[in-house]
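Below is one structure; the comments refer to it alone.
Quick note: residue numbers are just sequence positions, from 1.
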Amino acid sequence: MKKKTIVLSILMLVLAMLAMTACSNSSFGVVTNDDKTMTITAENSEKDDSAVSGTLVVGEDEQITIDSNLESGGMKLEFISNEGFDDPEEVPDIDEAEAVYTANVNGVESQAVMFGAGSYLVRATVTEKASGKVDIVVKGFGEE
């Protein structure tokens with residue numbers, strides 16, 4: 001009888017562990033993207049998860065606002081000039097591309113930055129296990 005109880009307990013423990021693993025979904029990526037907006041979402045994302053998306057188009061009199069609403073963790077956002085990525089014969093390696101601007105976001109915060117007109121890809125990397133979202137919007141100065 002005691003062996004049955006031990007085997008049953010081990011079986012229940014294994015089933016509980018499998019159920020917890022199935023419930024701990026994680027995801028990371030860009031949900032929406034057009035020329036002026038981008039939303040990056042993370043759900044239980046692990047450190048070093050990354051995604052690349054583009055293109056954000058910034059005009060002469062425009063800035064980029066970054067609004068993070070992260071329940072936990074943080075991200076690094078790298079804005080990479082899209083120059084050279086439109087030639088299919090000589091596409092640069094995105095992993096080797098240098099960022100024009102890098103923003104680190106944690107928690108709930110907002111920042112506005114200006115680093116020049118152009119088209120930009122965004123490389124987002126989880127720096128600390130993260131859940132939440134980050135909205136990036138291109139808009140003119142003084143726009144709400």
| Any salt bridge (charged side-chain N to carboxylate O under 4.0 Å, His left out) pairs touching residues 97-120, not counting sequence neighbours? |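 Listed once each, the pairs would be none.
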| request: Scan residues 112-128 for pairs that pass salt bridge (charged side-chain N to carboxylate O under 4.0 Å, His left out), counting only residues two or more places apart or in two chains. | output: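 Those involving residues 112-128 are E78-R123.
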By side-chain contact (heavy atoms from CB on, under 4.5 Å), which residues pair with [X], not counting sequence neighbours?
| X | answer |
| --- | --- |
| E43 | N25, S27 |
| A112 | Q63, T65 |
| A42 | F28, S45, M75, A130 |
| T127 | K76 |

Would you call [X] and [Y] a side-chain contact if the rule is heavy atoms closer than 4.5 Å?
| X | Y | value |
| --- | --- | --- |
| V105 | I66 | yes |
| F79 | T102 | no |
| V31 | I40 | no |
| I64 | M114 | no |

Which residues satisfy the side chain to side chain donor-acceptor pair (under 3.5 Å) test with [X], sequence neighbours excluded?
| X | result |
| --- | --- |
| N106 | none |
| T37 | D34 |
| N69 | none |

| To the nearest 0.5 Å, how far apart are CG in D135 and OG1 in T39? |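 Here the interatomic distance stands at 4.0 Å.
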| field | Verify same cluster id: I136, V108 (apolar side-chain graph, 4.5 Å) | value |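 Unlinked, I136 and V108 end up in two clusters.
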| Single-linkage hydrophobic cluster V137~V113, side-chain heavy atoms < 4.5 angstrom |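 No, because V137 and V113 fall into different hydrophobic clusters, even though each may have its own neighbours under 4.5 Å.
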| Y101: ring pair (Phe, Tyr, Trp, His ring centres under 6.0 Å) partners, not counting sequence neighbours |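 Checked Y101 against ring pair (Phe, Tyr, Trp, His ring centres under 6.0 Å); matches are F115.
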| query | Knowing that exactly one of N44, T41, L70 qualifies, which makes a side chain to side chain contact (heavy atoms under 4.5 Å, CB included) with S131? | reply |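 The single option meeting the side chain to side chain contact (heavy atoms under 4.5 Å, CB included) with S131 is N44.
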Under 3.5 Å, side-chain donor or acceptor atoms of residues 46-58 against the rest of the protein: list the pairs with distances, not counting sequence neighbours.
{"unit_1": "D49", "atom_1": "OD2", "unit_2": "E46", "atom_2": "N", "d": "3.0"}
{"unit_1": "S53", "atom_1": "OG", "unit_2": "N33", "atom_2": "OD1", "d": "3.2"}
{"unit_1": "T55", "atom_1": "OG1", "unit_2": "N82", "atom_2": "ND2", "d": "3.3"}

| Minimum heavy-atom distance S68-V134, with the two atoms named |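 Looking at all heavy atoms of both residues, the shortest contact is CB-CG2, 3.9 Å.
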